[in-house]
Each structure stands twice: as C-alpha cells, then as structure tokens.
Amino acid sequence: MGIALFLEVLLLTELLTFMLCIAAPSNGWYDYTAYTECKSEPEPALYNGGILKYGDSGDEVPFTYQTTETGVYSPAFVVYGLNQSTKYTFSCWIKLEGTYSSLITARLSTDTSGNRCIGTVSAQSGCWSFLKGGFVLDSSSQSAVIFFHNADRNALKISVAGGSLQPFSTEQWAMHQQDSIRKRRKRAVTVHVSDSRGNRLINASVTMQQISKEFPLGSAIADTILGNPSYQSWFAERFNAAVFENELKWYATEPVAGLMNYDSADQLLDFVRASRIMVRGHNIFWENQETTPSWVRNLTGDDLRNAVKNRITNLMTRYKGEFAHWDVNNEMLHYNFYEQRLGSNVSLEFFDTAQDADPLATLFMNEYNVIETCDDSFSTVDTYVARLKELKNGGAVLEGIGLEGHFSRPNIPLMRGILDKLATLNLPIWFTEIDISNSFDAHTQAQYLEEVLREAYSHPSVSGIMLWTAMHQNGCYQMCLTDWNMRNLPAGDTVDMLLQEWATNQLTGATDIHGSYSFLGFLGEYKVTVNYANRSTVAFMSLPQGAETRQLNVQV
C-alpha cells in the first residue's frame, strides 16, 4: 500500500480512527497464550487489548467495517506514533461470513513504507480462530493501518474480536528472554558438605565445573570435515549436536538403483560418536522432485512403492539406534512428489515404517518458511499445525516439529507468536537449519543471527537448535561461521559469545554456617570438587530441568 492509497484508505473508507497511548505496561510482561482450535466464542484480548483502546476510557475499540480492494469486508485499525525501537505483538480473533474457510493475513501499512504481513490465520465461518504475530518497524511512523487480506480474494466479511496491540521496549523484551532462560535453561543447586559423621563443614571450598550442557546446540557438517583435524577440533570444542548436510539424502546414498554408498555418512558418524555429539538424521524422504534421485523420478506404481520401501528399510536398519531424530518426509507443505504418485496417505506409511524400524528415534516433520515469514501461503503456522494434526490423528508416531529457519531479516515478535501457536501441540520444537541470507554483509548476518538465536533459546517450547553452516572450501550454503582456515567470521564470534553466555563458568565459593553452598547453573553435567583442611573429594552431578532446588550431599 503506497502513500496515495494509504491516504485514500484514511479519507474515503470511513475507518474508525483513534489516538493510541504507546506506553507499555510497567512490568513489560509477555503472554505466551495461544490457540489453534476454532472456538465458539472468542477469548478476552491479551493484555486487555494493549494499546488498542478507545481514547482514555479503557474500553475495547468498537469496529467499523469497510470493503477493501480484495473484496474483504473487514475492520481495520488506524494507529499513531509507532516507534522504530519498539517490538509490537499483535493478536485477535477472526470469524468469516460468505465462505467456509480462508487464509487471512493481517497486514501493516505505515506512512514510511509499504505493507507487510504481521500474522496469519486459517479462519472459518461459524467459529473464531486466533491470529498471533507482530512486527518491528524499519523507521518510526506517525500513522499506520492494520488491515486484513484474504488469500483467495473472494468477497467475504471478516469479523474481529479481542484485538490487541502490545508494545515492548528493547529492554523489556530482553528482560523477558532472560527470565525465561532462568526458568527453562537453569536451575538452583545447593551443595551440602559434611564429614563422615554428618557434621556440617563450614568454610569448605566448593568448585563447580560444568562438563556438558543439556540443551543441544549444533550445526550441520559435511564430508569436508573428514580428514580435517583443525575443523574437527573447532567443531567438537563448541557443539554438542550435529546433522549431516547431504550425506544421508537418498540421492547421496543410492545415486544409482541398487548401488548403495554410505561411506561418507559412516565416517561422519564415527566422528560425532568419537566426539560424544548427538546427531539428527536428515532426511529419509524429500518431497521436492528436484532432489529426488533421477532414477526414482522415472518409477511409477508398485516399482516406486517397492523402491520407497527398500530405501527406508535399508537406511533405518543400517543405522538403528544411531540417530536421535529422523526428518521423515521433508518439506511436505511445499512439494508432493511421493504423495502425488503414491497417494496422500503415503506420508503416514513413511512414519509408520520408520517407527517400526527404529522405535527409539524421535520422528519429525521438517519445513521452511513457517517461522521465517508469514508471506508464504504454503507454510503458514496454521497450515503446519493442520498437517501435524492430520498425521497424528491418522496414527503417525510424530514426535517433533522441525523449523528450518532460513532467515532474511527476522521479525522477532512474529517469530515468537508462531512458536506460541506451535507450542499448543505439546511436541518438541527444534530449529533444524538456522542461517541468515548471504544477501546481507557478514556483520549484519551476525546481528540477525544473534536476534534469532536469543529468541529461539529463550522460548520455553524450543528443545534444540541446529545451524546450517557446514563448511566447504567455496563457502557455505548461506552463512559461514569461519573461513576455510577456521578463523572466526562475525557470525562465528556471535556463536562463541552465546555459547559462553549460556554456560556455567567455573564457580568457586565457601560453605556457609549451615555447611552449604548454593548457585544457579545451566542444565547439564557438573564436576564438583570440595576441599576442607587437608582433605578433598570429587563428585559428579546431573542438573536436569526442574522447578525445585537440586540437592547434593558431599562428604569430605
């Protein structure tokens, strides 16, 4: 929406306009609440509507309707005084009239830029669907319009309830991330020190050293790491998780029918095993025809079904118990090579066969442009939720949600809103392929990477993070952490900074009058060294997630 159309909307469509106070609430607290089911009645507005207030009365804004150029008969909000430095979360409930269902996009148009997507919802008639998203402005805006767009462009009426626009300062957002990390990624510990008779030992020296981290944070690797000890050392010193970039994909393991080649995958597995690194399996099938082995593309009917069965049996039998996860059928929202040829239920068959072949592996659906943007109509959050529910309702043992995370400029409030909606499924959420577009310079990549990693790590429903930064002599897919000589690039410095920040550095202190020493540590494994007088002892402790203080008794 350009300036002329923007002004036309203001002047000619008789929108209800209102002046908004943009001050955030004093505590700056974020509400994770989200819904993915369609409700008979809408829930109350988050933050009591936030800054969507009519004047100073505190009442929710009454809605006026207008017909947009897309044929949508819907409300719109005109807001004033939005700040560049503020993060805005937007949510509302939507119900349709004139069609059974449609993809509805909430869009923001300002007086300084064109319009952008700030959230989507798959809305229906007869019930209310929840939209949650948000935005950060490129520059401050004197006036802006939030309006709604229907993807199919059919004439319909959109009803909106429970609208909320909530601002958060940069400091408030960071404060909430830190609080979430404290609750989700850390835990209180008290070490009680005594002698063999149970007497408390006061002023004993206690040293806590974290020797491993519970939260998996890793990167993709390729066969370029094999025979490269400097690369191997650099990787193993930092990461506790890995995924093979291409070496397990069907075109790599069986380039010719019946000719298996697992050499690179086997050697990579030897490396991660020797380095005590967990590893994801990526992927069993990929619905993209262009990435399907050429000989498979020519198969039909039973020949294709037999080839598919042999693929999954050979792969899963060979590596049973080796891979913590498997991406079973990759990018199913965007492509449909196997489903088009073998039927819509074939993905369910893939999950069933994979579960039978390796019952201990966690099975994932993996997709792009779910978390990166809301402009891709194929992979909106509700589309992903619907497909996940469809597989689970069909009996698939689907245990994880994979978000690739190939970002351009990240929209952090939108990212959090999408995570909130995915979290309603109560499944582990993994970022499986994070990088930042190489359309940005190295320093901008590093800046955006930090924003994404902080948001992912702090969200309580995220269980792991993988970067998509496998190193090659000619570079990486989009973003490298180092050059070929293992010298950190800006993105690598960012990763090192965060790895250091999200670890418990060695702590040393003395027991108090109760013979106790307490601290707050990141989850993981610890070595505990206690010295008293001329005596010392060493103990080891696991620190898993939990709300109560972890107690450890050590005798010296």
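Bear in mind the structure is a predicted one, so any value in this text is a computation, not a measurement.
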What residues, two or more places apart in sequence or in another chain, satisfy side chain to side chain donor-acceptor pair (under 3.5 Å) together with [X]?
| X | result |
| --- | --- |
| Glu451 | none |
| Asp31 | Thr33 |
| Arg454 | Glu450, Glu501 |
| Ser437 | Ser439 |

Do you know which two heavy atoms are closest between [X] and [Y], and how far apart they sit?
| X | Y | value |
| --- | --- | --- |
| Asn83 | Tyr88 | N-OH, 2.8 Å |
| Ser159 | Glu97 | OG-OE2, 4.1 Å |
| Ile371 | Gly405 | CG2-CA, 4.1 Å |

With distance as the sole criterion, is a donor-acceptor pair present between the side chains of Asp435 and Gln445 under 3.5 Å?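 No, Gln445 and Asp435 have no side-chain donor paired with an acceptor closer than 3.5 Å.
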State, without any angle test, whether Glu287 and His334 hold a side-chain donor-acceptor pair at a distance under 3.5 Å. no
Using 30° and 60° as the class boundaries, would you call the ring planes of [X] and [Y] parallel, tilted or perpendicular?
| X | Y | answer |
| --- | --- | --- |
| Tyr368 | Tyr335 | tilted |
| Phe522 | Tyr457 | tilted |
| Trp93 | Phe130 | tilted |
| Trp430 | His325 | perpendicular |

Taking only residues two or more places apart in sequence or in another chain, which ones pass salt bridge (Lys or Arg N to Asp or Glu O under 4.0 Å) with Asp376? none
By salt bridge (Lys or Arg N to Asp or Glu O under 4.0 Å), which residues pair with Lys421, not counting sequence neighbours?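 Expected list: Asp382.
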Who passes side chain to side chain contact (heavy atoms under 4.5 Å, CB included) against [X], sequence neighbours left out?
| X | value |
| --- | --- |
| Asn345 | none |
| Thr190 | His192, Ser516, Ser518, Thr549, Gln551 |
| Gln340 | Asn336 |
| Lys389 | Thr36, Val385, Asn393, Leu425 |

Any pair counted as salt bridge (Lys or Arg N to Asp or Glu O under 4.0 Å), so long as it reaches residues 38-52, sequence neighbours left out: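 Sorted result for residues 38-52: Glu37-Lys39, Lys39-Glu43.
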Pairwise salt bridge (Lys or Arg N to Asp or Glu O under 4.0 Å) hits with a residue in residues 127-141, at least two apart: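 Checked against salt bridge (Lys or Arg N to Asp or Glu O under 4.0 Å) - neighbours excluded - the pairs reaching residues 127-141 are Arg116-Asp138, Lys132-Asp420, Asp138-Arg409.
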What's the separation between atom OG1 in Thr494 and atom CE in Met497, rounded to the nearest 0.5 Å? 5.0 Å
Rounded to the nearest 0.5 Å, how far apart are CG of Asn369 and CD of Glu372? 5.0 Å
Validation row, ring centre [X] to ring centre [Y] under 6.0 Å:
| X | Y | result |
| --- | --- | --- |
| Tyr30 | Trp173 | yes |
| Tyr448 | Phe440 | yes |
| Tyr477 | His406 | yes |

Would a distance-only check, ignoring hydrogens and angles, find a side-chain to backbone donor-acceptor pair under 3.5 Å from [X] to [Y]?
| X | Y | result |
| --- | --- | --- |
| Asn240 | Phe215 | yes |
| Arg280 | Ala324 | no |
| Asn329 | Met365 | no |
| Thr110 | Thr112 | yes |

Let me know which of Val78, Leu108, Asn115 forms a side-chain contact (heavy atoms from CB on, under 4.5 Å) with Ile146.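 Of the listed residues Val78, Leu108, Asn115, the side-chain contact (heavy atoms from CB on, under 4.5 Å) partner of Ile146 is Leu108.
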Neighbour count >12 (heavy atoms, 6.0 Å) for atom CD, Gln142: no
Please lay out, stage by stage, how Thr432 and Asn366 fare under the test side chain to side chain donor-acceptor pair (under 3.5 Å). CA-CA 8 Å; Thr432 58; Asn366 194 46; 2.8 Å; yes
Run Ser219 and Thr469 through side chain to side chain donor-acceptor pair (under 3.5 Å) and show every step you take. CA-CA 6 Å; Ser219 174; Thr469 51; 2.6 Å; yes
